[in-house]
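Below, chains carry the letters A, B, ... as their sequence lines are ordered, and counting in each starts from 1. What you see is a predicted model, and the numbers here were worked out from it, not measured in a lab.
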Number of protein chains: 2
Amino acid sequence: MSTYHHGDLRSALLHSAGELLEEQGLESLRLREAARRAGVSHNAPYRHFSDRDALLAALAAEGFGMLAGALENRAGREMGEAYVRFALEHPNRFRLMFSGRLQLDRHPALASAAGATYEALIAAFRAQRDIADPETAAAAAWSLVHGLAQLLLDGHLASAKDRNAFVREVIGTVRFAAAQRSA
Amino acid sequence: MSTYHHGDLRSALLHSAGELLEEQGLESLRLREAARRAGVSHNAPYRHFSDRDALLAALAAEGFGMLAGALENRAGREMGEAYVRFALEHPNRFRLMFSGRLQLDRHPALASAAGATYEALIAAFRAQRDIADPETAAAAAWSLVHGLAQLLLDGHLASAKDRNAFVREVIGTVRFAAAQRSA
DNA sequence: GCGTTGAAGTTGACAATGACAACATCAATC
DNA sequence: GATTGATGTTGTCATTGTCAACTTCAACGC
C-alpha cells in the first residue's frame with residue numbers, strides 16, 4: 001500500500017486534467033488542480049511534463065486520436081457530420097486542439113497526431129473518383145466542417161431549427177468542383 | 001499637465017492591450033502590463049472594465065469591426081479571400097474573436113458586433129440571384145472561409161505553394177447548390 | 001545481503017497575476 | 001466654496017507556474 005510512487009502518474013494526470021478540461025475549459029485548467037485530483041503533490045507533474053504547455057499538448061494529441069476514432073470508417077458527408085458531432089460533444093477538447101497556443105513544431109507528438117487525422121481525410125477524398133483534385137477538395141472539406149463546428153460552438157450560427165438538420169443542410173449545400181486555373 | 005485623470009483611459013487601454021494582444025497573443029495579455037503601457041496604476045483598468053474578460057470582449061468586438069471593414073464592398077470569392085487575409089494579418093486578434101472563452105450572452109456589445117458581420121455576409125449572398133437558400137449558403141460560405149483561416153493559422157494545411165494561390169484554389173473549388181430536401 | 005544510484009514524488013520557496021478594499025484627486029455642480 | 005462622484009492609486013491577498021533541494025524506494029552489481 002506504500003504509494004510513494006504512483007505507478008502510472010502520467011496517465012492519471014492525463015485523465016484528471018482531461019476531466020478538468022472538458023468540465024471547466026482550457027482557461028480554468030490548473031496544473032496544481034490536476035495534481036490534486038490525481039492525489040499527488042503540486043510538483044509531481046513536472047516529472048512527466050516539462051511544463052503546462054506540454055500537458056496541454058498531450059491532451060490535444062489525445063483529442064486528435066479521439067477525433068480520428070470518431071471519423072473512422074466514415075466518408076463523405078457522413079464523415080463531415082461526425083466531425084461536427086465530435087466538436088459539439090467535446091467542445092473544450094476541440095477548442096484546445098485548435099487554440100493555436102500549441103505550436104506544432106514545438107510539440108512533435110501533437111503534430112503527428114494532427115497530421116494523421118488530415119491524412120485520413122485526404123485518403124477518404126482520394127477514394128472518391130469523381131473529384132479532380134483530392135488534396136484541394138480535402139482541404140476545402142476540412143475547412144468547411146471545421147469552420148462550421150467552430151461557429152456553432154461559439155454560438156454564431158443561430159440554429160433555430162434542429163441542429164443536426166442544420167448541419168446536414170449546410171454540408172449538403174456544398175459541391176466540390178475541379179479547381180479552376182487562374183481567373 | 002496634471003494627469004491624475006487620464007482623459008481617455010478606456011481607449012488608451014484598448015490600444016495598449018491591442019498591441020500586447022497582436023504582439024504576444026491572448027495568453028500573455030496581462031491586465032497589469034496593459035495598464036503599465038498606458039502609464040497608469042495596476043488597478044486603473046477596473047474603472048473601465050469589470051474584469052479581464054470584459055477587456056478581452058472589447059478587444060474582440062473591436063476586431064469584428066475591423067473585420068467588417070475588411071469585407072466592406074466585397075462579395076463572393078473576393079470577400080472570402082479578404083476574410084482569410086484578415087485572419088492571417090491579425091492572427092491573435094482573430095483567435096481571440098473565436099476563442100470561445102467569451103460567451104456572447106455575457107457580452108452584448110460583442111454579440112452585436114459579431115452579428116453585424118454575419119448580417120453583412122448574408123446580405124452579400126442574398127444579392128446573388130442564382131442561390132436557392134441564401135441563409136444556408138451564407139452559413140456554408142462563412143464556415144468554409146473561417147475554417148480555412150483557422151487551419152492555415154494553426155499550420156495544419158501544408159502550403160507548399162503560394163499561400164494566396166492556395167486560398168484562391170480552395171475557395172474556388174467549392175460550389176453552393178440548392179439545399180437538398182431530406183435524404 | 002548490502003550499498004549505490006537514479007527515477008519518481010515531496011516540501012518549500014519566489015515572483016507575478018487578477019481581484020478586492022480603502023484612500024486620494026479633481027472637475028463639475030449647487 | 002463646499003460637496004460629491006467618477007477616475008486613479010496604494011496596499012493587500014490567495015492562487016498559480018516554476019525552480020531548487022530533499023526524500024523515497026526499486027533495481028542492480030557485488
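As a whole-Å value, the separation of L26(B) CG from dG18(C) C1' is 15 Å. Taking atom CD of E27(A) as the reference point, atom C1' of dT16(D) lies 14 Å away to the nearest angstrom. Rounded to a whole Å, the CZ atom of R30(A) is 13 Å from the P atom of dT18(D). Counting to the nearest Å, the P atom of dG9(C) and the CG atom of L31(A) are 14 Å from each other. The interatomic distance linking R10(A) (CZ) with dA8(C) (C1') rounds to 14 Å, in whole Å. Rounded to a whole Å, the CG atom of L20(A) is 16 Å from the P atom of dT15(D). Rounded to a whole Å, the NE2 atom of H42(B) is 11 Å from the P atom of dT12(D).
Between L152(B) and F166(B) the shortest side-chain heavy-atom distance falls below 4.5 Å.
Under 4.0 angstrom from either OP1 or OP2 of dA19(C) there lies at least one side-chain N or O belonging to Y46(B).
Using cut-offs of 30° and 60° for the angle between ring planes, the W142(A) and H156(B) rings count as tilted.
Considering only the side chain of V40(B), dT9(D) comes nearest among dG12(C), dT16(D), dT9(D). Out of dT10(D), dA19(C), dG9(C), the shortest distance to the side chain of S41(B) is found at dT10(D). The side chain of R36(A) sits closest to dT16(D) out of dT10(D), dT16(D), dG18(C). Listed nucleotides dG8(D), dG17(D), dA19(C) differ in distance to R32(B); the shortest reach to its side chain belongs to dA19(C).
Sequence order on DNA chain C of the closest nucleotides to E33(B) and P45(A) puts P45(A) first from the 5' end.
No side-chain N or O of H107(B) forms a donor-acceptor pair with one of Q103(B) less than 3.5 Å apart.
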Donor-acceptor pairs under 3.5 angstrom involving side-chain atoms of residues 49-75 of chain B: please list them, not counting sequence neighbours.
unit_1, atom_1, unit_2, atom_2, d
D51(B), OD1, D53(B), N, 3.4
D51(B), OD1, A54(B), N, 3.1
R52(B), NE, L29(B), O, 3.2
R52(B), NH2, L26(B), O, 3.2
R52(B), NH2, L29(B), O, 2.9
D53(B), OD1, R101(B), NH2, 2.8
E62(B), OE1, R93(B), NH1, 2.8
R74(B), NE, A70(B), O, 3.2
R74(B), NH1, E78(B), OE2, 3.2

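Enclosure of atom CZ in R106(B) is not indicated, since only 12 or fewer non-hydrogen atoms of other residues, nucleotides or ligands lie within 6.0 angstrom.
Remark: side-chain polar atoms of E169(B) are not paired, donor with acceptor, to backbone N or O of T136(A) under 3.5 angstrom.
Contacts between residues 47-57 of chain B and DNA chain D, defined by a heavy-atom separation under 4.0 Å, are made by R47(B), H48(B).
A salt bridge links R37(B) with E33(B): at least one charged nitrogen is closer than 4.0 Å to a carboxylate oxygen.
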